[in-house]
Amino acid sequence: MTAATGREIRGPGTDELRWQSWAGLRRLPQASAGELVPAGSRALVLAPHPDDELLGCGGLIRQLVALRREVIVLAVTDGAASHPHSTLWPAARLARERPRESLRALRRLGAGSVTVERLGLDDGRIGEQAPRLDAALDRLLVDTDVLVSTWRLDGHPDHEASGRAAAQAAARHGAALLEMPVWMWHWAAAGDARVPWERACRLELDDDSHAAKCAAAEAYRSQLLPDPSTGSGPVVAPGALARLMRREEVYFR
């Protein structure tokens with residue numbers, strides 16, 4: 001998975017221990033869920049693949065539900081391209097199962113009442129099909145919304161295409177934008193100058209939110225287990241999961 005030179009998603013990536021030992025992470029300003037999505041605003045969460053909404057902002061969703069904020073998840077693709085050449089997970093099975101995993105995860109998160117709208121774009125081709133995403137955002141987004149999306153330089157082509165579409169839609173409609181790094185934690189180094197740390201804030205996850213997010217992540221079995229039909233390891237390896245299951249979430253404002 002490669003979006004651009006220097007942001008390749010390969011190998012084990014930056015170890016979570018390195019991130020935790022970087023003092024800059026602790027120095028990021030804190031923000032509460034109520035500050036990120038103020039009263040009277042909805043959160044529209046743009047998920048390129050089923051699991052991005054949980055891995056990137058599951059703690060925020062949990063806390064927003066507790067605050068009785070309205071949350072809508074726009075599922076851009078059904079994630080059918082995650083296991084190329086697999087006989088265990090062919091595209092048709094993934095297109096059925098990954099949305100189910102996402103719904104199970106939301107229920108475990110305590111967010112089963114969240115509205116999920118599936119757009120059905122092709123996994124791996126969001127950039128080519130961006131007009132359909134633009135139209136969906138124009139239909140859903142209003143100026144009081146907070147649009148939460150993967151970061152436009154996250155490293156995965158679908159994440160970046162979604163992030164660009166979100167930034168443009170937020171500008172068109174005068175809505176607030178939060179960008180969540182997902183694969184950035186893999187290819188970037190602690191303190192990496194390519195990352196806009198000056199725009200970053202962190203949301204602390206209390207014990208309840210953190211435990212719920214970790215339990216919800218276990219619903220994504222297609223992504224967390226090895227594939228014996230191809231000999232491949234998990235799509236989301238343990239090291240990658242550890243980076244996303246920490247007790248805080250980072251957003252670029």
Task: Distance (rounded to the nearest 0.5 Å) between Gln168 CD and Leu137 CG - done: 10.0 Å
Open item on the list: If the test is side chain to side chain contact (heavy atoms under 4.5 Å, CB included), which one of Met245, Lys213, Met180 qualifies with Leu55?
Closed with: Met245
Task: Heavy-atom pair with the smallest gap, counting every atom of Asp134 and Ala165 - done: OD1-CB, 3.7 Å
Task: Residues Arg139, Glu117: salt bridge by 4.0 Å N-O rule - done: yes
Task: Cys201/Leu36 under side chain to side chain contact (heavy atoms under 4.5 Å, CB included): CA gap, chis, key distance, verdict - done: CA-CA 10 Å; Cys201 64; Leu36 294 174; 3.9 Å; yes
Task: Qualifying residues under side chain to side chain contact (heavy atoms under 4.5 Å, CB included), relative to Arg125, sequence neighbours excluded - done: Asp122, Glu128, Gln129
Task: Check ion pair Arg26-Glu248 (N to O, under 4.0 angstrom) - done: yes
Open item on the list: With a sphere of 6.0 Å drawn around CZ of Arg221, does it hold more than 12 non-hydrogen atoms of other residues, nucleotides or ligands?
Closed with: no
Task: side chain to side chain contact (heavy atoms under 4.5 Å, CB included) between Asp78 and Arg118, intermediate numbers included - done: CA-CA 8 Å; Asp78 291 331; Arg118 314 213 75 84; 3.1 Å; yes
Open item on the list: Within this structure, what is the CG-CD distance for the pair Leu28 and Glu198, rounded to the nearest 0.5 Å?
Closed with: 10.5 Å
Task: Neighbour count >12 (heavy atoms, 6.0 Å) for atom CZ, Arg247 - done: yes
Open item on the list: Restricting to non-hydrogen atoms, name the atom on Trp185 and the atom on Leu244 that form the minimum distance, rounded to 0.1 Å.
Closed with: CD1-CD2, 4.1 Å
- [ ] Look at the rings of His83 and Trp89 and say which category their plane angle falls in: under 30° parallel, 30 to 60° tilted, over 60° perpendicular.
- [x] tilted
Open item on the list: I'd like to know if Arg104 and Glu97 make a salt bridge, using a cut-off of under 4.0 Å between side-chain N and carboxylate O.
Closed with: yes
Task: Donor-acceptor under 3.5 Å (Arg194 side chain, Gly6 main chain) - done: yes
TODO: Please report the shortest heavy-atom distance between Trp19 and Leu25, naming the atom on each side.
DONE: O-CD2, 3.6 Å
TODO: Would you please test Asp158 and Val76 for side chain to side chain contact (heavy atoms under 4.5 Å, CB included) and show each step?
DONE: CA-CA 9 Å; Asp158 280 348; Val76 184; over 6 Å; no
Task: Nearest heavy-atom neighbours spanning Arg152 and Leu177 - done: NH2-CD2, 3.7 Å
Task: Any donor-acceptor N/O pair, Asp138 side chain to Ala135 backbone, under 3.5 Å - done: no
Open item on the list: Determine whether a donor-acceptor pair (N or O, by modelled atom type, separation under 3.5 Å) exists between the side chain of Gln223 and the backbone of Asp51.
Closed with: no
- [ ] Verify, without hydrogens or angle tests, whether Glu249 (side chain) and Gly58 (backbone) share a donor-acceptor contact under 3.5 angstrom.
- [x] yes
Task: Heavy-atom pair with the smallest gap, counting every atom of Leu46 and Ala166 - done: CD2-CB, 3.9 Å
Task: N/O donor-acceptor pair under 3.5 Å between Asp227 side chain and Ser232 backbone - done: no
Task: Cluster overlap Val73 with Leu133, hydrophobic side-chain contacts below 4.5 Å - done: no
Task: CG-CD1 distance between Leu54 and Ile61, expressed to the nearest 0.5 angstrom - done: 7.0 Å
Open item on the list: Are Tyr220 and Leu94 connected into the same hydrophobic cluster when the rule is that any two of I, L, V, M, F, W, Y join if their side-chain heavy atoms are below 4.5 Å apart?
Closed with: no
Open item on the list: Test your reading of the model: is there a side-chain donor-acceptor pair from Arg98 to the backbone of Pro50, 3.5 Å cut-off?
Closed with: yes
Open item on the list: To the closest 0.5 Å, what do you measure between CG (Asp15) and CG (Leu17)?
Closed with: 4.5 Å
Task: Side-chain (Trp151) to main-chain (Phe252) donor-acceptor, under 3.5 angstrom - done: no
Open item on the list: Please tell me whether Ile9 and Leu153 are part of a single hydrophobic cluster in this structure, the criterion being side-chain heavy atoms less than 4.5 Å apart.
Closed with: yes
Task: Between Ser86 and Ser229: side-chain donor-acceptor atoms closer than 3.5 Å - done: yes
TODO: Go through the steps to decide whether Val114 and Glu53 satisfy the test side chain to side chain contact (heavy atoms under 4.5 Å, CB included), and finish with yes or no.
DONE: CA-CA 12 Å; Val114 163; Glu53 72 279 8; over 6 Å; no
Task: Where Leu203 and Ala33 come nearest, the two heavy atoms and their spacing - done: CD1-N, 3.5 Å
TODO: Please examine the side chains of Leu140 and Asp145, heavy atoms only from C-beta on, and report whether any two atoms are closer than 4.5 Å.
DONE: no
Open item on the list: Donor-acceptor pair, distance only, cut-off 3.5 Å: does the side chain of Gln63 make one with the backbone of Ser209?
Closed with: no
TODO: Give the cluster check for Val37 versus Val45: same hydrophobic cluster or not, with ILVMFWY residues linked at side-chain heavy-atom distances below 4.5 Å.
DONE: yes
- [ ] Could you tell me whether the side chain of Asp143 and the main chain of Gly174 form a donor-acceptor pair under 3.5 Å?
- [x] no
Open item on the list: Once rounded to the nearest 0.5 Å, what's the spacing between atom OG of Ser113 and atom CZ of Arg107?
Closed with: 12.0 Å
Task: Same cluster (ILVMFWY, side-chain, under 4.5 Å), Leu141 and Leu64 - done: no
Open item on the list: Please enumerate all residues that pass ring-ring contact (aromatic ring centres under 6.0 Å, His included) together with His49, with sequence neighbours excluded.
Closed with: His156, His159
Task: Side-chain donor/acceptor of Arg42 to backbone N/O of Val71, under 3.5 Å - done: no
Task: Interatomic spacing from CE in Met184 to OG1 in Thr150 - rounded to 0.5 Å - done: 12.5 Å
